[in-house]
Amino acid sequence: MNEKDFAELSAGHALAALSPEDERAYQDALAAHPEWQDQVDADAQVAGFLAEGAGEEAPPADLRARLLEQISGMPQAPARAAAAVPVAAEPAVESAPAPADEPVVAGPPTEAIQAVQRRNWTRGLFALVASAALLVGIGWGVGSLVEQARTPLEVQALEQIEAAPDAQTVTGQFTDGGEAVLHWSDELDKVVLTTDDAPEIPSDRSFELWFIRGDQPISAGVFDPSDEVTALLSGEFQPGDIVAVTVEQKGGSPDGSPTTDPIITIPTA
């Protein structure tokens, strides 16, 4: 066994994820190579961080992005092949024993392949656990990482606004009588529109958001009809802007100016 193979077994041992056969191989290899103990100690320390956690400390601002990029680049185990079609058994043929210096793999080749895949998966999992342990060590839980990775940006923005000390909300009415709520924070420079009353529009049309600054309309993105809308406005928000919504062609106004009258306007001052 080489050191790379042992490193994968060491990862599985630290996670208590080895099969009995791999655990025996791990113990035998460690006994034969005591110089590999440093690998064992390092893996055990990472697993310990994950299990016990540590004091809270604010993570660097770019940590989540860097970590997700590293995780997404991790090699993945190949997909499990479809079940083989049974074939008729062939007569047994005696073969010469393998030379003493060549390892003999017991069982059919597929078992050896599965063993390699299992160990690669174990090491890959440990790399993820090590990354998670880093987050736990700085008080940023694994659950937070996964949850934020799955949460749409507009929902994250709304949660941030609601938690901001200067959070403000104003309710406005569509021309057909429905309501929408504007949420914003001057400090965060973020604005989100939410509604479950947006009027029905043709499928070849979109709602377009606007900042009205004086007499100047500034496009702030588009959103399509939905039962529940959470729309994050793009662009720079300035206190005192009026937020408006118009109905435009699919994808938004072609020239950057409204082509219809607003169906709702909400002041922020």
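Residue numbers start at 1 and run along the sequence shown.
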**Asked** Would you call H33 and E3 a side-chain contact if the rule is heavy atoms closer than 4.5 Å?
**Response** no
**Message:** Any side-chain to backbone donor/acceptor pair from T230 onto T194? Under 3.5 Å, distance only.
**Reply:** no
**Request:** Identify the heavy atoms of R205 and T260 that sit nearest to each other, and give their distance.
**Result:** NH2-CG2, 4.0 Å
**Asked** Counting distance only, does the side-chain N/O of T268 pair as donor-acceptor with the main-chain N or O of G240 below 3.5 Å?
**Response** yes
**Complete:** Residues P225 and I201: closest non-hydrogen pair is CG-CG1, 3.3 Å
**Request:** Identify the residue among E236, R213, Q238 that makes a side chain to side chain contact (heavy atoms under 4.5 Å, CB included) with I218.
**Result:** R213
**Item:** L158 reachable from V245 in the ILVMFWY side-chain graph, under 4.5 Å edges
**Value:** no
**Asked** So does D204 pair up with K250, basic N to acidic O under 4.0 Å?
**Response** no
**Prompt:** If you look at every heavy atom in S185 and A164, which pair is closest and at what distance?
**Reply:** OG-CB, 3.8 Å
**Fill in**
d(Q168 CD, H183 NE2) to nearest 0.5 Å is 12.5 Å
**Request:** Indicate, with yes or no, if F174 and L209 share a hydrophobic cluster defined by side-chain heavy-atom contacts under 4.5 Å among Ile, Leu, Val, Met, Phe, Trp and Tyr.
**Result:** yes
**Message:** Are the side chains of W210 and I242 in contact, using a 4.5 Å heavy-atom criterion?
**Reply:** no
**S10 and W36, any side-chain heavy atoms less than 4.5 Å apart** = no
**Item:** Path from L232 to V229 over hydrophobic side-chain contacts below 4.5 Å
**Value:** no
**Message:** Quick check against the 3.5 Å criterion: does D196 have a side-chain atom that pairs as donor or acceptor with the backbone of E228?
**Reply:** no
**Asked** Just wondering, do V191 and F211 contact through their side chains at under 4.5 Å, heavy atoms?
**Response** yes
**Asked** Are any side-chain N or O atoms of E208 and backbone N or O atoms of S253, one a donor and one an acceptor, separated by less than 3.5 Å?
**Response** yes
**Prompt:** At their closest point, which heavy atom of P217 faces which heavy atom of D215, and how far apart are they?
**Reply:** CD-O, 3.4 Å
**Prompt:** Does the side chain of V192 reach to within under 4.5 Å of the side chain of W184, using non-hydrogen atoms?
**Reply:** no
**Message:** For E35, is the CD atom crowded, meaning more than 12 foreign heavy atoms sit under 6.0 Å from it?
**Reply:** yes
**Request:** Using distance alone, with no hydrogens and no angle criterion, decide if E248 and T246 have a side-chain donor and acceptor under 3.5 Å apart.
**Result:** yes
**Message:** What I want to check is whether the side chains of Q156 and Q160 have a donor and an acceptor closer together than 3.5 Å.
**Reply:** no
**Value rounded to 0.5 Å, distance of CD in Q173 from CG in D197** = 9.5 Å
**Asked** Is I263 close to P199 at the side-chain level, that is, under 4.5 Å between some pair of heavy atoms?
**Response** yes
**Prompt:** Hey, any chance I161 and V243 share a hydrophobic cluster, counting ILVMFWY side chains that come within less than 4.5 Å of each other, even indirectly?
**Reply:** no
**Request:** Locate the shortest heavy-atom distance separating I264 from A180; write the atom from each residue and the value.
**Result:** CD1-CB, 3.7 Å
**Prompt:** Quick one: are V247 and F207 in side-chain contact, heavy atoms under 4.5 Å?
**Reply:** yes
**Message:** For a 4.5 angstrom cut-off between non-hydrogen side-chain atoms, does L193 reach I266?
**Reply:** yes
**Message:** For the CG atom on D261, are there more than 12 heavy atoms of other groups (residues, nucleotides or ligands in this structure) within a distance under 6.0 Å?
**Reply:** no
**Request:** Measure across D176 and G178 and return the closest heavy-atom pair with its distance rounded to 0.1 Å.
**Result:** OD1-N, 3.1 Å
